[in-house]
Novice: 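One structure is given below, represented as structure tokens, and several questions about it will come after.
Order of listing sets the numbers, starting from 1, for every ligand and every atom in it. The first residue of the sequence shown is numbered 1, and numbering continues consecutively from there.
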Amino acid sequence: MTTVEITPTDVDFFTDPDVAAKAEPYFDHMLANHPVFREPKYGVVIVTGYEEALQVYHQPDVYSSINRTGGPVVDLPFEVVGDDISELLEQHRSFFPQNDQIVTFDPPMHADHRSILMGLITPKRLKENEQFLKDTADRFLDEIIPRGKADYIWDYCKGYTVLAVADLLGVPVEDHPMLLDLLASEPGPTLGNLELQANHHSSLERLYEYFVARIEERRADPQDDVLTGMALATFPDGTLPEPIEVARIASNLFAAGQETTVQLMGITLQRIAEDAKLQERLRQDFSLIPKFIEETLRIEAPIKGSFRLVKRPTELGGLELAPGTVVMLLHGASGRDARVFENPAEFDAERPNARQHLAFGRGIHTCPGAPLARAEAVFSIQRILERTTAITIDEWHHGTADAREWNLIRSYKFRGHTNLYLRYTPAEA
Ligand code: HEM
């Protein structure tokens with residue numbers, strides 16, 4: 001890895017284009033010197049350390065998720081008085097971005113919605129979804145394998161990830177094209193681009209309408225299907241949620257599960273195409289694929305970071321944090337913490353403890369879609385390897401090995417490719 005000299009005081013993690021494109025030198029510097037660091041420009045407390053991140057994840061009573069999808073600057077709509085701003089935050093919830101999404105909820109409201117959410121992603125549903133994932137991989141590959149080249153982000157991953165969630169939720173096949181039009185044909189939200197976020201939100205509004213209609217239909221006329229299970233799900237105290245409350249949770253699965261999984265698949269495919277030895281090893285032993293995916297998540301987490309807001313005075317990594325302090329957990333950095341992972345900068349597709357990474361978060365908000373994301377990536381990679389004999393980076397688009405040019409998401413929250421052009425030889429049928 002190239003070593004870039006970093007002086008924390010002169011690097012703005014949130015706007016520096018080099019750090020946005022390649023954050024590892026920044027992560028490594030912080031881990032070695034300041035696993036909890038109050039950066040000077042915005043006063044955000046940046047957490048790279050693994051144990052320190054766990055302390056934050058496991059104290060939702062101290063660290064609110066209300067600003068989870070916001071940015072480094074939070075202009076609180078109230079004066080911080082007293083030692084606990086929990087109630088003030090709830091009173092002003094509507095002020096915060098994406099405040100209707102579960103990932104921004106705090107206890108006790110979070111627990112009620114999480115129980116509905118977990119009813120949608122049961123082990124039984126995930127098992128039933130597997131055959132669909134395998135068949136859908138083949139449907140996309142039937143189109144692109146004969147061509148010998150493709151932009152995997154747009155020609156495979158975007159559509160595949162939408163249909164994976166659609167089938168999990170029991171959306172009828174005849175509605176799949178509508179969802180592909182709505183979700184797979186537009187860019188996902190990238191930070192610093194408010195217009196895209198607004199577009200994304202309008203797609204969500206349309207999804208809300210779609211699911212509210214399905215829930216109302218199924219409540220009026222229950223059937224033996226997954227949507228009826230969704231429509232009749234109750235909160236833990238037995239009350240029936242409003243249709244819009246369930247519709248938001250279902251729709252959030254698309255919002256949270258599409259771009260993230262697209263990026264995981266993009267990053268893994270890039271690695272396979274770049275590293276002929278690794279590709280050969282995976283071809284010879286498909287049982288290595290799940291471990292390879294965990295190691296990719298450890299070293300290149302698709303979500304770089306998540307925000308939290310301090311509710312009560314606390315201490316973290318030797319720093320005193322006052323109510324109203326913004327904290328950022330860098331999921332990608334924690335996977336490189338040498339106190340947990342030996343030789344953390346080295347990619348080891350068989351690392352025994354790779355799965356301890358924090359790419360899916362931890363605690364009450366831990367990613368409920370992780371088993372689906374893993375299954376999507378495992379089935380896709382296995383089928384792509386089975387149906388090709390050699391996968392390489394398309395140098396016409398990305399340059400030669402010594403001068404690659406990637407089309408990367410340049411954001412402090414997400415990592416990955418906006419396009420990934422690959423070439424391959426179709427395997428004999
Ligand atoms: C590689 C793919 C994925 C990654 C890296 C990822 C990462 C994460 C992370 C880090 C969190 C926790 C955020 C926090 O604590 O602030 C989270 C939460 C969440 N994820 Fe994922 N995710 C992925 C795929 C998915 C999929 C496929 C789905 C849906 C099927 C999904 C649905 C959600 C939801 C609904 C939450 C919020 C849960 C809550 O607040 O209780 N994710 N994800």
Novice: Could you give the N/O to N/O pairs under 3.5 Å linking ligand 1 and the protein, each with its distance?
Specialist:
residue  : atom   : partner : partner atom : Å
ligand 1 : 15 (O) : Arg308  : NH2          : 2.8
ligand 1 : 16 (O) : Arg68   : NE           : 2.5
ligand 1 : 16 (O) : Arg308  : NH1          : 2.8
ligand 1 : 16 (O) : Arg308  : NH2          : 3.3
ligand 1 : 40 (O) : His365  : ND1          : 2.6
ligand 1 : 41 (O) : His110  : NE2          : 2.7
ligand 1 : 41 (O) : Arg114  : NH1          : 2.7

Novice: Identify, with sequence neighbours excluded, every residue that meets salt bridge (charged side-chain N to carboxylate O under 4.0 Å, His left out) alongside Lys124.
Specialist: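 In terms of salt bridge (charged side-chain N to carboxylate O under 4.0 Å, His left out), with neighbours along the sequence ignored, Lys124 is linked to Glu128.
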Novice: Pairs under 3.5 angstrom only: tabulate donor-acceptor contacts from the side chains of residues 88-96 to other protein residues two or more places apart or in another chain.
Specialist:
residue : atom : partner : partner atom : Å
Glu90   : OE1  : Arg93   : NE           : 3.0
Glu90   : OE2  : Arg93   : NH2          : 3.4
His92   : ND1  : Leu88   : O            : 2.8
Arg93   : NH1  : Thr104  : O            : 3.2
Arg93   : NH1  : Thr104  : OG1          : 3.4
Arg93   : NH2  : Thr104  : O            : 3.0

Novice: Taking the six-membered ring for Trp, are the ring centroids of Tyr421 and His397 within less than 6.0 Å of each other?
Specialist: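 Yes; His397 has its ring centre under 6.0 Å from that of Tyr421.
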Novice: Given the side-chain rings of Tyr50 and His357, with only the six-membered ring counted for Trp, is the space between their centroids under 6.0 Å?
Specialist: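 Centroid distance Tyr50-His357: not below 6.0 Å, so no.
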Novice: Step through the shown structure and confirm whether more than 12 heavy atoms of other residues, nucleotides or ligands are within 6.0 Å of CD on Glu143.
Specialist: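 Open.
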Novice: I'd like to check the side-chain hydrogen bond (donor to acceptor under 3.5 Å, both in side chains) partners of Thr15; sequence neighbours left out, ordered by chain and number.
Specialist: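 Thr15 satisfies side-chain hydrogen bond (donor to acceptor under 3.5 Å, both in side chains) with Asp12 once adjacent residues are dropped.
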